[in-house]
Amino acid sequence: MPFDALTELSDDVLMRRQAQGDGEAARVLTRRHAPRVLNLAWRMLGDRDEAEDVTQEAMLRLWRAASDWQPGRAQASTWLYRVASNLCTDRLRRRRGVALDAVPEPVDGAPSADQRLMAADRAAALQAALDGLPERQRVAVVLRHLEGLGNPEIAAVMETSVEAVESLLARGRKALAAKLAPDREELGLDR
Amino acid sequence: MTQERDAISPREQEALERAFAAARDAAPPLSAALEAAILRDAVQAAAPRRAVGTPVPWWRGLWQGLGGWPAGAALASAATLGIALGYGGAKPLAGIGDVLLDSGQTASAEDGLEDALYAGYDLALLEDEG
């Protein structure tokens, strides 16, 4: 079946085809889900290389699960977000045991401010603020405000209640607002 | 209660929304190298499953362990001969016995054995008589 036709198929059908060795089904699933996993991992870790490692590992686990995949039981996107957020959490916990100077610099520390556009500055400032959030708040905020998931889906990803997600989001937003407050004027966030 | 305590002002909310919008636009694209690596993993992950997907039955493994078709043919031949001997009595072997007896080899052997057994007695008798 050609690639364009496969893009119309559901994840469940594509997973079955992938289990049978259909390379085009794997390509569709990759293009459908890997960018979102990469974005989540990047926002969680603040490091492009590590985010790519996590994305590859999460997708590999999806391929390995393909033969036992039960249609209708779980959404591939939810499943992948859960795997990726757990992988990121593991990496963040390992980092705590690493010397501070070995941790990659935050994204906003690399290029000088006058070389970047305002939008890039804003994105970098947000990333730096995200890096300071507790892990679960960070997952909830990224999934809600950057990936556009609804609270019930976030609850499924994080294996918790919707109420707990709402609480995580409220605390996360408050912490982000506080972290961005000193630079709001400079970043043009008030207009 | 928690949400009320953690609520932010509309101004802060607007500022956050602008920052979120900028971050959404700055999402990293999936590189060709990463896509290729993911697809390589997909091929490798599917290949073993296809091989394992058609397991060899236990009896086929046992059959091959015992020698397969050559061993089976030899066993069938031996079994057929055994059944023929069982139903046909000793007739086939009787013919073989006749051949051996007619050749005189059996008699010669018996004679030789008798000579060897009694040779010592002859010597003893001669010495006593002497």
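Chain letters run A, B, ... following the sequence lines, proteins first, then strands; residues in each count from 1. Keep in mind it's a predicted model, so treat the numbers as computed, not measured.
- The list of salt bridge (Lys or Arg N to Asp or Glu O under 4.0 Å) pairs with a residue in residues 28-43 of chain B, not counting sequence neighbours, reads A:Arg27-B:Glu35, A:Arg31-B:Glu35.
- Proximity to chain B at a heavy-atom threshold of 4.5 Å picks out A:Val141 from residues 135-142 of chain A, in numerical order.
- To the nearest 0.5 angstrom, B:Ile38 atom CD1 is 8.5 Å from A:Glu52 atom CD.
- Side-chain contact between A:Arg184 and B:Arg11 is present, with at least one heavy-atom pair separated by less than 4.5 Å.
- Of all the heavy atoms in A:Ala26 and B:Ala42, the pair that sits closest is CB-CB, 3.7 Å.
- Within the 4.5 angstrom heavy-atom criterion, only side-chain atoms of A:Arg48, from C-beta onward, approach chain B.
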Evaluate A:Arg173 against B:Gln13 for side-chain contact (heavy atoms from CB on, under 4.5 Å), listing each step before the verdict. CA-CA 8 Å; A:Arg173 280 191 294 257; B:Gln13 183 67 41; 4.1 Å; yes

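- Closest non-hydrogen pair, B:Ala23 versus A:Arg43, comes out as O-NH2, 2.6 Å.
- Residue contact with chain B, scored on non-hydrogen atoms closer than 4.5 Å, involves the side chain of A:Leu180 exclusively.
- For the atom pair A:Leu187 CG and B:Arg18 CZ, the distance stands at 11.5 Å (nearest 0.5 Å).
- The shortest non-hydrogen separation linking B:Ala19 to A:Leu189 is N-CD2, 3.8 Å.
- A donor-acceptor pair is defined here as one N or O able to donate and one able to accept, closer than 3.5 Å; no such pair exists between the side chain of A:Trp63 and the backbone of B:Leu39.
- Annotation: residues 24-33 of chain B contacts chain A through B:Arg24, B:Ala26, B:Ala27, B:Pro28, B:Pro29, B:Leu30, B:Ser31 [non-hydrogen atoms, separation under 4.5 Å].
- Contacts with chain B (heavy atom to heavy atom, under 4.5 Å) involve no residue of residues 75-84 of chain A.
- The part of B:Leu34 that comes within reach of chain A is its side chain, from C-beta onward, which places non-hydrogen atoms under 4.5 angstrom from that chain.
- Counting heavy-atom pairs under 4.5 Å between each of A:Glu57, A:Glu147, A:His145 and chain B puts A:His145 at the top.
- Both A:Val13 and A:Met15 are members of a single hydrophobic cluster when ILVMFWY side chains are connected at heavy-atom separations under 4.5 Å.
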